[in-house]
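Everything below concerns the one structure shown next.
Remember, predicted model here, so these are calculated numbers, not experimental data. Numbers restart at 1 for each chain; the letters A, B, ... are given by sequence-line order, proteins then strands.
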There are 2 protein chains.
Amino acid sequence: MDEIDTKIMDLLQTDARLSNRELARRLGVAPSTSLERIRVLTRRGVIRGYHADISLTALNRGVQALVAVKLRTPARAAIDGFKEFASRLPEVISVFVVAGDDDFLVHVGVQDLDHLHAFLVDRLSSRRDIAGFRTSVVFEETRKTKLGRLESSAVGA
Amino acid sequence: MDEIDTKIMDLLQTDARLSNRELARRLGVAPSTSLERIRVLTRRGVIRGYHADISLTALNRGVQALVAVKLRTPARAAIDGFKEFASRLPEVISVFVVAGDDDFLVHVGVQDLDHLHAFLVDRLSSRRDIAGFRTSVVFEETRKTKLGRLESSAVGA
DNA sequence: GGTGAAAATAGTCCCAC
DNA sequence: GTGGGACTATTTTCACC
């Protein structure tokens with residue numbers, strides 16, 4: 001994982017459709033070299049895939065919310081059960097299994113507030129395994145398009 | 001926004017590096033047609049970009065957390081100020097400005113729990129504009145790689 | 001809007017270093 | 001692990017439908 005690999009990750013995070021030729025040019029290596037680097041990074045699971053970023057509005061998901069869910073009995077079976085359930089709902093964008101005040105944070109994207117309401121009362125409230133949930137409607141989201149690699153270092157000392 | 005556009009969004013969400021030729025083949029249209037469709041979708045802001053999905057572990061971010069932040073005075077200036085601040089921190093993956101019990105939900109990714117601790121006490125606790133925060137450490141994340149377009153419909157009635 | 005063919009450009013493999 | 005070169009494939013434009 002040297003400087004070239006880091007730069008490949010940076011460049012492909014910014015524009016996954018860069019041609020291999022252009023990638024090689026920016027790296028200062030031959031195209032065959034960058035191609036081989038990409039292959040290795042992919043095989044090692046460093047590059048997990050390439051995805052188009054589609055406007056949520058175009059997907060009829062102009063309204064987003066983060067729903068913190070607490071289960072009645074947060075044991076393995078209940079957690080796995082809810083996780084599977086939530087992941088399959090079309091409104092759900094991502095599901096975080098967490099430690100803290102809650103057991104899950106569910107990121108949902110829906111058409112409007114009526115659909116958010118419907119999601120909460122029809123899909124969540126009816127589940128017996130949920131002790132309760134708190135909903136945070138999203139006003140604005142800032143997502144980093146390019147994530148840098150953090151220094152591998154000890155803290156403080 | 002017809003069936004072909006929808007399928008383009010699906011296919012490019014799944015694999016942004018699909019060649020235009022292969023895309024056209026799967027759509028059942030000529031390559032020049034799919035190329036033009038992509039151009040229009042991009043110009044209209046439906047396709048926002050193409051990004052490689054890089055393993056968080058490879059980026060030294062094996063530990064993730066969601067931090068719910070409450071400001072002392074959630075007025076415009078304070079909100080914008082904290083949003084700018086949080087977005088610039090290298091540990092931060094995304095920032096949600098929300099309504100509800102909190103003012104922000106900050107998604108962070110760091111090397112380990114020591115670095116999470118350092119992030120919280122060094123970067124957040126020192127800020128005078130923060131009334132408090134709650135941290136949820138992430139055990140597991142399930143993110144949808146392909147987001148479908150939701151039906152455009154009224155709820156209930 | 002969509003198509004097909006031609007010209008320009010890029011991807012990929014092999015082999016020598 | 002890297003780079004050059006040859007071969008193949010893809011992208012892109014454009015006149016036409």
Discussion item. Without decimals, in angstroms, what is the distance between B/Glu36 CD and D/dT11 P?
Written reply: 15 Å

Worksheet item: Nearest to the side chain of A/Arg39, which nucleotide is it out of C/dT12, C/dG4, C/dC13?
Response: C/dC13

Worksheet, complete the sentence: Tightest non-hydrogen contact, residues A/Ser136 and B/Val98, listed as CB-CB, 3.8 Å

Worksheet item: With a cut-off of 6.0 Å (strictly less than), are more than 12 heavy atoms of other residues, nucleotides or ligands near CZ of A/Arg48?
Response: no

Worksheet item: How close or far is atom P of C/dT3 from atom CG of B/Leu35, stated in whole angstroms?
Response: 13 Å

Worksheet entry | Minimum-distance pair of heavy atoms, taken over all atoms of A/Val110 and A/Leu116 | CG2-N, 3.6 Å

Worksheet item: A/Ile38 CD1 to D/dG1 C1': how many Å, rounded?
Response: 15 Å

Response to the item:
Here the gap from B/Arg61 atom CZ to B/Ser55 atom OG, rounded to the nearest 0.5 Å, amounts to 11.5 Å

Discussion item. With a 3.5 Å distance limit and no angle check, can you tell me whether A/Thr135 reaches the backbone of A/Val67 through a side-chain donor-acceptor pair?
Written reply: no

Discussion item. If I compare all heavy atoms of B/Asp2 with all of B/Arg149, which pair ends up nearest, and what's the gap?
Written reply: O-NH2, 4.2 Å

Item to complete: State whether a side-chain donor-acceptor pair under 3.5 Å links B/His115 with B/Asp112.
Response: yes

Worksheet item: Is it the case that more than 12 heavy atoms not belonging to B/Arg72 sit under 6.0 Å from its CZ atom?
Response: yes

Worksheet item: Checking only heavy atoms, does the side chain of A/Thr33 share a donor-acceptor pair with the base of D/dG1 at less than 3.5 Å?
Response: no

Worksheet, complete the sentence: Overall bend of the helix from C/dG1-D/dC17 to C/dC17-D/dG1 (five pairs an end, 10° steps) is 30°

Fill in: Residue-level proximity of residues 16-25 of chain B to DNA chain D when a heavy atom falls under 4.0 Å
B/Ser19, B/Asn20, B/Arg21

Worksheet entry | B/Arg37 vs C/dT3: side-chain N/O to OP1/OP2 distance below 4.0 Å | no

Worksheet item: Between D/dC14, C/dT12, C/dC13, which nucleotide gets closest to the side-chain atoms of A/Ser32?
Response: C/dC13

